[in-house]
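Reviewing the structure listed below.
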Number of protein chains: 2
Amino acid sequence: MENPVHPDSIIEALSIDCVIFGFKDGRLDILLVKHAEGISAGKWALPGGWITYGESVDDAAKRLLKSLTGISDIYLEQLKAFGDPNRFPLKRVVTVAYYALVNEESYSLIPGFTASDAQWFNVHEVPELIYDHNQILEFGYNHLKHKVRHEPIGFNLLPAKFTLLQLQELYEAILETRLDKSNFRRKLGKMKLLINCKEKQKDVSHRAAALFKFDKRIYVTLRRNGMVFEL
Amino acid sequence: MENPVHPDSIIEALSIDCVIFGFKDGRLDILLVKHAEGISAGKWALPGGWITYGESVDDAAKRLLKSLTGISDIYLEQLKAFGDPNRFPLKRVVTVAYYALVNEESYSLIPGFTASDAQWFNVHEVPELIYDHNQILEFGYNHLKHKVRHEPIGFNLLPAKFTLLQLQELYEAILETRLDKSNFRRKLGKMKLLINCKEKQKDVSHRAAALFKFDKRIYVTLRRNGMVFEL
DNA sequence: TAATATATGGTCATTCTGACTATAAGTAAA
DNA sequence: TTTACTTATAGTCAGAATGACCATATATTA
């Protein structure tokens with residue numbers, strides 16, 4: 001009744017790929033790695049790799065993300081399994097895609113041993129990627145657009161303390177639309193999701209804005225019960 | 001560069017399981033099959049099986065659902081991959097769960113060759129299932145609850161022509177809540193999703209209600225742009 | 001001191017919501 | 001044939017939310 005294979009050996013038919021979103025200066029970015037070895041060496045791809053027999057699929061996603069980019073302890077959630085029979089050359093591989101939200105400033109990218117480079121790309125200026133990775137990215141972006149309107153997950157893309165304008169620009173970047181500043185604030189206020197840090201922005205050449213953090217308790221409630229972020 | 005295995009042989013590490021919801025007489029049901037052979041013979045389970053090298057994961061889900069229950073051409077969408085290393089005995093198997101919405105009356109269940117029985121169970125009276133199938137079911141039910149509030153997918157559970165009360169009872173069953181009849185109608189009316197068939201209900205012992213069908217064009221728009229079904 | 005950039009708060013007509021009420025149109029029981 | 005019962009369908013109304021604005025405050029830089 002025991003697993004006949006070593007827990008460290010990989011499951012040949014299964015891989016992981018991560019769609020990692022970052023946010024900086026009002027732009028929504030996506031993290032890509034350049035393959036250092038294998039059949040797609042030199043090409044850009046979503047960070048990913050193989051699952052072993054000893055770990056859960058979720059754990060594999062965490063491990064791979066960390067080993068390829070140095071990023072850990074972030075919002076990481078399963079997106080979808082991609083299982084077209086011809087999506088991968090050489091053999092049949094189904095990949096389980098994950099998506100993650102990162103505050104870009106908090107992490108310095110450290111390309112791992114199978115990646116020669118790791119870099120942020122504007123989500124609208126992505127190069128051609130290997131296999132079906134462009135499709136996976138597209139799917140992930142659409143998923144994010146939908147999800148951000150019903151759950152307060154966008155905060156994972158911001159630093160711990162942020163201004164209301166930063167938050168608004170984040171939503172504008174994701175949803176590709178312009179929002180009314182005053183109405184946006186009113187809506188956020190009623191949600192009770194934000195806590196005023198009683199601090200001011202620094203080093204800006206205009207009136208400094210108040211800094212906010214978000215209330216994790218309310219966050220849990222809103223995630224459970226859903227919310228409506230029609231802006 | 002060719003796949004070294006026969007397209008009909010199965011991918012050992014991957015399976016499919018389907019969470020199939022049905023609706024009848026105001027009750028939300030779930031379809032289960034009783035295994036006829038193998039290590040879990042005699043036990044209830046979600047309908048599922050193995051993926052072959054020659055088919056996509058989506059196609060495998062369709063094939064398995066049809067061969068186990070006789071049901072085809074329905075709303076079937078991927079739910080999530082479940083990948084705990086110990087979820088399946090004997091060997092390491094990751095399963096890709098799908099969920100489907102069916103109008104119960106439109107199909108007669110035909111247990112397939114590896115299932116000795118196929119039967120609808122009230123979603124709140126489900127027996128103990130094999131492996132992690134109770135967890136998968138739970139996940140699927142929560143997913144449905146969320147999704148039904150942002151996309152007009154509930155209609156897949158109803159017959160082609162239905163009354164407004166039937167639609168309301170469907171939402172009440174899924175969301176486990178009571179809704180105000182008058183407000184429900186007003187909201188549906190504004191959505192422009194329903195088309196009056198200009199027909200009346202028959203064989204009821206009270207005033208007959210108008211029958212409606214739903215507008216597939218509006219449906220596509222609402223799925224794309226999202227909607228809010230706060231009732 | 002003026003120009004300008006952003007912050008922050010407020011107005012107001014319109015629409016939406018939730019809780020109710022009222023009437024209509026059928027069947028079934030008295 | 002009248003009455004009871006069931007569901008259908010329409011309407012009311014106060015309060016909340018929305019979208020498009022406007023006004024003022026506070027900071028830096030020319």
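Here is the naming used below: chain letters follow the sequence lines, and residue numbers restart at 1 for every chain.
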Anything under 4.0 Å to a heavy atom of chain B counts; send over the first and last such nucleotide of DNA chain D, read 5' to 3'.
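Terminal contacting nucleotides, 5' to 3': D:dT6 to D:dT12.
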
With nearest nucleotides of DNA chain C determined for B:Lys190 and B:Val204 from heavy-atom distances, which residue corresponds to the more 5′ nucleotide?
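Comparing both residues, the 5'-ward one is B:Lys190.
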
Would you call the rings of [X] and [Y] parallel, tilted or perpendicular, taking 30° and 60° as the class edges?
X        : Y        : result
A:Phe214 : A:Phe155 : parallel
B:Phe184 : B:Phe229 : parallel
A:Phe82  : A:Phe139 : perpendicular

Counting only N and O atoms by type, is there a donor-acceptor contact under 3.5 Å from the side chain of A:Gln78 to the main-chain atoms of B:Ala81?
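Confirmed, A:Gln78 side chain pairs with B:Ala81 backbone.
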
Keeping the roles fixed (side chain from B:His133, backbone from B:Leu46), state whether a donor-acceptor pair exists under 3.5 Å.
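Such a contact is found between B:His133 side chain and B:Leu46 backbone.
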
For [X] and [N], give me the distance from atom [atom1] to atom [atom2], rounded to whole Å.
X        : N      : atom1 : atom2 : answer
B:Arg186 : C:dC20 : CZ    : C1'   : 11 Å
B:Lys187 : C:dC16 : NZ    : P     : 10 Å
B:Phe184 : C:dC16 : CZ    : C1'   : 17 Å
B:Asn183 : C:dC16 : CG    : P     : 13 Å
B:Lys202 : C:dT27 : NZ    : C1'   : 17 Å
B:Arg178 : C:dC20 : CZ    : P     : 14 Å

Could you give me the CA-CA distance, side-chain angles and deciding distance for B:His143 and B:Glu77, then say whether side-chain hydrogen bond (donor to acceptor under 3.5 Å, both in side chains) is met?
CA-CA 11 Å; B:His143 183 83; B:Glu77 206 168 80; 5.3 Å; no

Salt bridge B:Arg27-B:Glu125, side-chain N to carboxylate O under 4.0 Å:
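Result for this pair is no, no salt bridge flagged.
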
About how many Å separate OG1 of A:Thr95 and CD1 of A:Ile51, when rounded to the nearest 0.5 Å?
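Answer for the CD1-OG1 pair, A:Ile51 versus A:Thr95, is 7.0 Å.
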
Dump every N/O contact between nucleotides 6-8 of chain C and the protein below 3.5 Å, one line per pair.
| residue | atom | partner | partner atom | Å |
| --- | --- | --- | --- | --- |
| C:dA7 | OP2 | A:Lys181 | NZ | 2.9 |
| C:dA7 | N3 | A:Arg207 | NH1 | 3.3 |
| C:dT8 | OP1 | A:Ala210 | N | 3.1 |
| C:dT8 | OP2 | A:Arg185 | NH2 | 3.3 |

